[in-house]
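Report on the structure given below.
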Amino acid sequence: MEKLLLVLVVILAVVGIAQIAKVYQVSSELQKRREEDISPTSNKVNANLWLLFMIAFFGFFIWQFAAYGDMLLPVAASEHGMEVDQLFNVNWIILIAVFFIVNFLLFFFSWKYVHNKNRKAYYFAHDNKLELIWTIIPTIALAFLIIYGLKVWNDVTDEPSADAVQVQLYAKQFDWTARYAGPDGVMGESNYLLITSQNPLGLITDETIEARVIELKEGISKTESKLANEILPDDQVEELEDRIGAYKRQIAKILNFKQSNKDFSTAYDDIIVKGEFHLPIRRDVSFNINSRDVIHSAYMPHFRAQMNAVPGMTTKFAFKPTITTDSMRTVMDDAEFNYILLCNKVCGSAHYNMQMNIVVESEKDFAKWLSEQKPFVEPESMKAKKESEEDKVVEDGPLAEKN
């Protein structure tokens, strides 16, 4: 109701000003006065109005700052976040000072030098000292801001410590997935060719290679069957033959992983989580950020962290959390508060839904939470695989001796 009344007041004010202007126009016509003829009284009134407008303008600005200043970014919860905030504050101080000085001079001079037919303007063509002053001062101010900004940027993008927690953030329309290295401390390799519903990040293991090859071969078999048993138009036949060729090329590329003789077992103990991921307090966290489909942006506002997730490449960002989730709930006076990972690119129709909670906790609680998460390959499966390999060695032993 208050907003409606405010809108009505603004509309009435605009209508009132329009009517006053119309009355003035009619009065001028009756007095046969030209529009450009302004009386000294009108000039004086306008000059005084400039001063009143300046006071209202500055008052409104200060009121807005006081009323909505706390709606800017929340308290920084990372080590470098405080540096970033300080950089922004320095910029704000300079900008606001310039804002007040420039606008005060504009309004004040408009009032002081109101038109006076008995006063003649001073012709001021050029002054080297003045040119020098308004060139050097902005140059020094900008140089200071650029050098200060570069220092903060170098600190923010500095290499994390060797014991940093490694986390992969994997984006796709429209969710995030987080992956941690398992007890071996090494994150397994991944490739988009191995992405399936059971292997959403495309982790490379002997089993995922085998499963993907089987799946592609089944695709070839079904496509060949369709070509052999159905009467199809030429363009569809060509499309299916291309599909078979694509399947075969994928199989060849995937088998190259196996032929490389690399050890892909480091992916077995990798931990994949969705919906929420945890971070330890006061320990470096190094993020490797990837995207499956389009450009996304990993945005964690409380940590002053943002980095694009680009298909086909890995981007990196690191920070050190300084406030636990529980402490931040006290600071924010909100028992339901959670740190959050958002997508800061408009990446599609369900972009709004692309978010993930972040829990910052003690090192002990983080280790406990991590130990409770399910690894990519269950220990039982790993054990069964190991026993199978051992049995194979035992079976091959006598045969080898016979040979």
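All of these numbers come straight from a predicted model, not from anything done at the bench.
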Do Asp269 side-chain atoms and Asp184 backbone N/O form a donor-acceptor pair below 3.5 Å?
yes
Is the number of heavy atoms from other residues, nucleotides or ligands within 6.0 Å of OH (Tyr68) greater than 12?
no
Is the backbone N or O of Lys345 less than 3.5 Å from a side-chain atom of His351, with the two atoms forming a donor-acceptor pair by type?
yes
Around atom CD of Gln236, are there more than 12 heavy atoms of other residues, nucleotides or ligands at under 6.0 Å?
yes
Where at least one partner belongs to residues 272-288, residue pairs that pass salt bridge (Lys or Arg N to Asp or Glu O under 4.0 Å), sequence neighbours excluded
Asp175-Lys274, Arg283-Glu363
When you check the side-chain N and O atoms of Asp365 and Ser362, is any donor under 3.5 Å from an acceptor?
yes
So, are Arg243 and Glu239 salt-bridged, with charged N and O less than 4.0 Å apart?
yes
What orientation do Phe65 and Phe61 show, parallel under 30°, tilted 30 to 60°, or perpendicular over 60°?
parallel
Specify whether Phe109 and Tyr113 have parallel, tilted or perpendicular ring planes, treating 30° as the upper limit for parallel and 60° as the lower limit for perpendicular.
tilted
Rounded to the nearest 0.5 Å, how far does CZ of Arg179 lie from CD1 of Ile271?
11.0 Å
Between Asp326 and Thr324, is there a side-chain donor-acceptor contact under 3.5 Å, judged purely by atom types and distance?
no
Heavy-atom donor-acceptor pair, His80 side chain to Phe303 backbone, under 3.5 Å:
yes
Would you say the ring centroid of Phe104 lies under 6.0 angstrom from that of Phe58?
no
For the backbone of Tyr192 and the side chain of Arg292, can you confirm whether one donor and one acceptor N or O come within less than 3.5 Å of each other?
no
May I ask you to check whether Tyr352 and Phe174 place their ring centres under 6.0 Å from each other?
no
Would you call the rings of Phe287 and Phe319 parallel, tilted or perpendicular, taking 30° and 60° as the class edges?
tilted
Is it the case that the ring center of Tyr180 lies less than 6.0 angstrom away from the ring center of Trp369?
yes
Donor-acceptor under 3.5 Å (Asn46 side chain, Ser42 main chain):
yes
Counting N and O atoms only, with roles assigned by atom type, does the side chain of Asn91 sit under 3.5 Å from a partner on the main chain of Leu145, one being a donor and the other an acceptor?
no
Determine whether more than 12 heavy atoms belonging to other residues, nucleotides or ligands lie under 6.0 Å from atom CD of Glu215.
yes
Would a distance-only check, ignoring hydrogens and angles, find a side-chain to backbone donor-acceptor pair under 3.5 Å from Asn308 to Val310?
no
Between Phe257 and Phe264, how do the two ring planes meet: parallel, tilted or perpendicular, split at 30° and 60°?
perpendicular
Test side chain to side chain contact (heavy atoms under 4.5 Å, CB included), reference Gln168, set Thr314, Asn290, Asp270, output is Asn290
Is it the case that more than 12 heavy atoms not belonging to Glu230 sit under 6.0 Å from its CD atom?
yes
